[in-house]
Amino acid sequence: MKRGIPFMWHRLACMVTAGLVALIVLFQSGLANAESRPTLLVMGDSLSAAYGIEQDQGWVRLLERRLDDQAQVVNASISGETTGGGLERFESVLDQHAPDIVLLELGGNDGLRGLPPAQMRENLAGMIEQSQSADAEVLLLGIDIPPNYGQAYRDAFTGVYRTLADEYDVALLPFLLEGIALDRALMQSDGIHPTAEAQPLILENVWPMVEPLLEQAH
């Protein structure tokens with residue numbers, strides 16, 4: 001029996017070692033898979049920050065669920081954000097997350113405040129240039145403003161997105177709330193923010209633009 005005890009301890013040690021090796025392999029495999037996944041950064045305002053609804057109901061969270069483990073989604077959206085505010089914090093967010101894809105959903109608050117479209121353009125251009133310098137693909141998510149701002153201002157406002165898309169050769173979704181904004185049943189009482197029921201529709205607007213960027217990133 002005395003000679004059997006060391007043997008048992010030796011066998012137990014071998015089993016523990018084998019288990020540890022297996023865990024290390026699994027851990028390293030998990031890290032490799034995580035590192036191989038592209039990172040998608042959403043830089044937006046209340047439309048992407050799930051304003052007035054549960055966070056889990058927002059279109060960005062729905063996008064994350066659809067992607068499952070295909071990509072890491074970082075939502076850096078803040079309600080009330082302007083393009084100027086976004087530009088101020090963009091470099092830090094970019095350095096922290098090193099995204100492969102950047103979704104820029106900003107400008108709505110600039111329009112609602114009547115800020116100069118030229119200023120909005122300059123701010124968005126700054127974020128696009130920083131993204132491209134970091135080798136990240138960019139998708140511009142455009143927005144429109146109510147008719148009471150006047151047609152000339154609206155044309156100048158929406159024209160910013162088209163001009164930037166052409167100038168920097170980036171993908172553009174002209175209107176994030178296409179098929180939603182004019183449907184009162186899909187908008188909250190303020191007439192500006194979409195309801196929880198509208199979020200899957202927003203995702204369907206965005207998805208055809210995001211999918212090819214993800215394929216390129218893999």
- Message: With a 4.5 Å cut-off on side-chain heavy-atom distances among I, L, V, M, F, W and Y, is there a chain of contacts connecting I78 to L63?
- Response: no
- Query: Given side chains that start at C-beta, do those of L106 and N123 come closer than 4.5 Å, heavy atoms only?
  - Reply: no
- Any donor-acceptor N/O pair, S77 side chain to A49 backbone, under 3.5 Å: no
- Note on the structure: For residues 144-166, the salt bridge (Lys or Arg N to Asp or Glu O under 4.0 Å) pairs (sequence neighbours left out) are D144-R154
- Message: Do H193 and L47 make a side-chain contact, defined as non-hydrogen atoms from C-beta onward lying under 4.5 Å apart?
- Response: yes
- Task: Kindly work out whether a path of hydrophobic side-chain contacts (I/L/V/M/F/W/Y, heavy atoms less than 4.5 Å apart) joins M43 to M209.
- Result: yes
- Query: Partners of E81 by salt bridge (charged side-chain N to carboxylate O under 4.0 Å, His left out), sequence neighbours excluded?
  - Reply: R89
- Message: As an exercise, state the distance from CG of L201 to CD of Q199, rounded to the nearest 0.5 Å.
- Response: 9.0 Å
- Task: Answer whether the closest heavy-atom distance between the side chains of Q130 and L87 falls below 4.5 Å.
- Result: yes
- List the atom of S79, the atom of Y51, and the distance in Å for their closest heavy-atom pair. OG-CD1, 3.8 Å
- Closest heavy-atom pair and its distance - V73, E64: CG2-CA, 3.9 Å
- Take atom CD in Q70; do more than 12 heavy atoms of anything else shown fall under 6.0 Å from it? yes
- Query: Out of curiosity, does I53 fall in the hydrophobic cluster containing L176 (side-chain heavy atoms, cut-off under 4.5 Å, transitive links)?
  - Reply: no
- Message: Count I, L, V, M, F, W, Y as connected when their side-chain heavy atoms are under 4.5 Å apart, and connections chain through other members. Are W207 and L186 then in the same cluster?
- Response: yes
- Run the side chain to side chain contact (heavy atoms under 4.5 Å, CB included) check on V210 and L67 step by step: do they pass? CA-CA 11 Å; V210 170; L67 291 173; 5.5 Å; no
- Task: Determine the minimum heavy-atom distance between T39 and H97, stating which atoms define it.
- Result: CG2-O, 3.9 Å
- Message: Within this structure, what is the CG-CG distance for the pair L139 and L213, rounded to the nearest 0.5 Å?
- Response: 6.0 Å
- Task: Kindly compute the distance separating CE (M120) from CD (E122), expressed to the nearest 0.5 Å.
- Result: 12.5 Å
- Query: Judged by atom type as modelled, is there a donor-acceptor pair below 3.5 Å linking the side chain of N75 to the main-chain atoms of R61?
  - Reply: no
- For L214 and P38, work out which heavy atoms get closest and say how close. CD2-CG, 4.3 Å
- Would you check if the side chain of E137 reaches a backbone N or O of D100 as a donor-acceptor pair within less than 3.5 Å? no
- Message: Less than 4.5 Å apart, side chain to side chain, heavy atoms only: is that true for M127 and V138?
- Response: no
- Where the side chain of Q57 meets the backbone of E54, is there a donor-acceptor pair that is under 3.5 Å apart? yes
- Message: Run the side chain to side chain contact (heavy atoms under 4.5 Å, CB included) test on I180 and N205 for me, step by step, so that the C-alpha distance in whole Å, both residues' side-chain angles and the decisive distance to 0.1 Å come before the verdict.
- Response: CA-CA 10 Å; I180 299 165; N205 286 343; 4.0 Å; yes
- Closest non-hydrogen contact found for L124 with Y161 is CD1-CE2, 4.0 Å
- Is the shortest distance from a Lys or Arg side-chain nitrogen in R66 or E204 to a carboxylate oxygen in the other one below 4.0 Å? yes
- Message: If hydrophobic clusters are built from ILVMFWY residues whose side chains come within less than 4.5 Å, do Y153 and I143 share one?
- Response: yes
- Validation row: I202, P194 side chains within 4.5 angstrom (heavy atoms): yes
- Message: Can you give me the closest heavy-atom contact between L94 and S131, atom names plus distance?
- Response: CD2-N, 4.2 Å
Atom pairs and distances, side-chain donor-acceptor, residues 167-175, under 3.5 Å, sequence neighbours left out:
residue	atom	partner	partner atom	Å
E167	OE1	R121	NH2	2.2
E167	OE2	R121	NH2	3.3
Y168	OH	E129	OE2	2.5

- Message: Would you say CD of E91 has more than 12 non-hydrogen atoms from neighbouring residues, nucleotides or ligands within 6.0 angstrom?
- Response: no
